[in-house]
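The model shown is predicted, which means the values in this text are computed figures rather than measured ones.
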Amino acid sequence: LETKRTSVSIPSACCLSSFGLNGYPNARVVSLKEIIEDTFIITGPLASRKGKELLNNPKVSLVFWWTETGRQVRIQGEATQIDDELANIYFKERNKESQIVSQISKQGEPIEDLKSFLELFEEKSKKLHQREILRPEGWSGFSITPKRIEFLDFKESRLHHRELFERREETWSSTFLQP
Ligand SMILES: Cc1cc2nc3c(=O)[nH]c(=O)nc-3n(C[C@H](O)[C@H](O)[C@H](O)COP(=O)(O)O)c2cc1C
């Protein structure tokens with residue numbers, strides 16, 4: 001019997017906010033891939049808006065909200081690009097369709113002709129379905145080192161339980177916050 005570790009439908013989905021190059025904050029949902037050595041790993045193309053923004057300013061926030069368990073987690077930290085070896089591992093883990101999308105798509109660029117674009121995907125899917133697809137150059141990811149993490153347990157009464165962890169040098173301090 002397969003045991004489900006959580007009732008949350010997509011527990012990895014989180015909102016990544018970065019400093020936009022135009023001065024406005026930018027937020028989008030991404031998938032947390034893994035937590036390695038206390039850093040949060042996300043992946044995607046470096047030439048995307050988020051890629052450019054994180055390379056320009058590594059300060060980010062990540063927010064999780066899990067409706068099923070009523071929990072929110074807010075993280076602030078600094079993003080560092082992962083190395084090629086790790087990027088290759090994450091790319092290999094992607095399913096075939098996602099790998100093909102990564103190959104044909106320049107994430108965030110305008111599509112000139114939607115029909116031809118969709119046809120290109122079909123064509124590539126037929127051609128490449130048995131072959132190994134290599135990671136396109138520029139598809140990579142970031143490891144986010146946290147400095148501030150707040151856990152919130154949502155209460156109907158609004159007497160939410162909030163606990164903040166903050167890192168100074170190598171030690172973490174914790175404080176309860178008023179709801
Ligand atoms: C549930 C969910 C998970 C997603 N995961 C990722 C991801 O891991 N990496 C990624 O590049 N985009 C992911 N996206 C798409 C992003 O929301 C976004 O459209 C894309 O990264 C382009 O953002 P940008 O233009 O700010 O770079 C995901 C979207 C959703 C709804």
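The OG atom of Ser140 lies 10.5 Å from the OH atom of Tyr90; values are rounded to the nearest 0.5 Å. With rounding to the nearest 0.5 Å, the separation of CH2 in Trp65 from CZ in Phe154 is 6.0 Å. From Lys33, atom NZ reaches atom OG1 of Thr43 across 3.0 Å, with rounding to the nearest 0.5 Å.
When the options Leu62, Val29, Leu32 are evaluated for a side chain to side chain contact (heavy atoms under 4.5 Å, CB included) with Leu16, the one that passes is Leu62. Under the side chain to side chain contact (heavy atoms under 4.5 Å, CB included) rule, Cys14 has a single partner from Ile75, Val63, Val30, Val73, which is Val30.
Of all non-hydrogen atoms in Lys52 and Ala47, the two that sit nearest each other are CE-O, 3.3 Å. The minimum heavy-atom distance linking Ile104 with Phe117 is given by the pair O-CE1, 3.9 Å. Considering all non-hydrogen atoms of both residues, Ser143 and Ile82 come closest at N-CG2, 3.8 Å.
A donor-acceptor pair shorter than 3.5 Å cannot be found between the side chains of Ser18 and Lys50.
Partners of Arg94 under the salt bridge (charged side-chain N to carboxylate O under 4.0 Å, His left out) rule, at least two apart in sequence or in another chain, do not exist in this structure. Every residue meeting the salt bridge (charged side-chain N to carboxylate O under 4.0 Å, His left out) condition with Glu53, not counting sequence neighbours, appears here in chain and number order: Arg28.
Judged by distance alone, the side chain of Ser157 and the main-chain N or O of Leu159 form a donor-acceptor pair under 3.5 Å. Checked by atom type and distance alone, the side chain of Gln72 never pairs as donor or acceptor with a backbone atom of Asp153 at under 3.5 Å. In this structure a side-chain-to-backbone donor-acceptor pair under 3.5 Å is present from Arg167 to Pro146. With hydrogens and angles disregarded, a donor-acceptor distance shorter than 3.5 Å links the side chain of Ser48 to the backbone of Pro45. Put simply, the side chain of Lys96 gets close to the backbone of Arg131: a donor and an acceptor are under 3.5 Å apart.
Using a 4.0 Å cut-off between charged nitrogen and carboxylate oxygen, Glu123 and Lys127 do not count as a salt-bridge pair. Under the 4.0 Å criterion applied to side-chain N and carboxylate O atoms, Glu78 and Lys147 are not assigned as salt-bridge partners.
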Show your working on side chain to side chain contact (heavy atoms under 4.5 Å, CB included) between Ile149 and Phe151 and close with a plain yes or no. CA-CA 7 Å; Ile149 306 180; Phe151 296 88; 3.6 Å; yes

Point to revise | From CA spacing to verdict: side chain to side chain contact (heavy atoms under 4.5 Å, CB included), Ser9, Glu68 | key: CA-CA 8 Å; Ser9 63; Glu68 296 87 342; 3.7 Å; yes

Name every donor-acceptor pair, under 3.5 Å, that has one atom in a side chain of residues 170-179 and the other anywhere in the protein, sequence neighbours excluded.
| residue | atom | partner | partner atom | Å |
| --- | --- | --- | --- | --- |
| Thr171 | OG1 | Arg168 | O | 3.2 |
| Ser173 | OG | Glu166 | O | 3.4 |

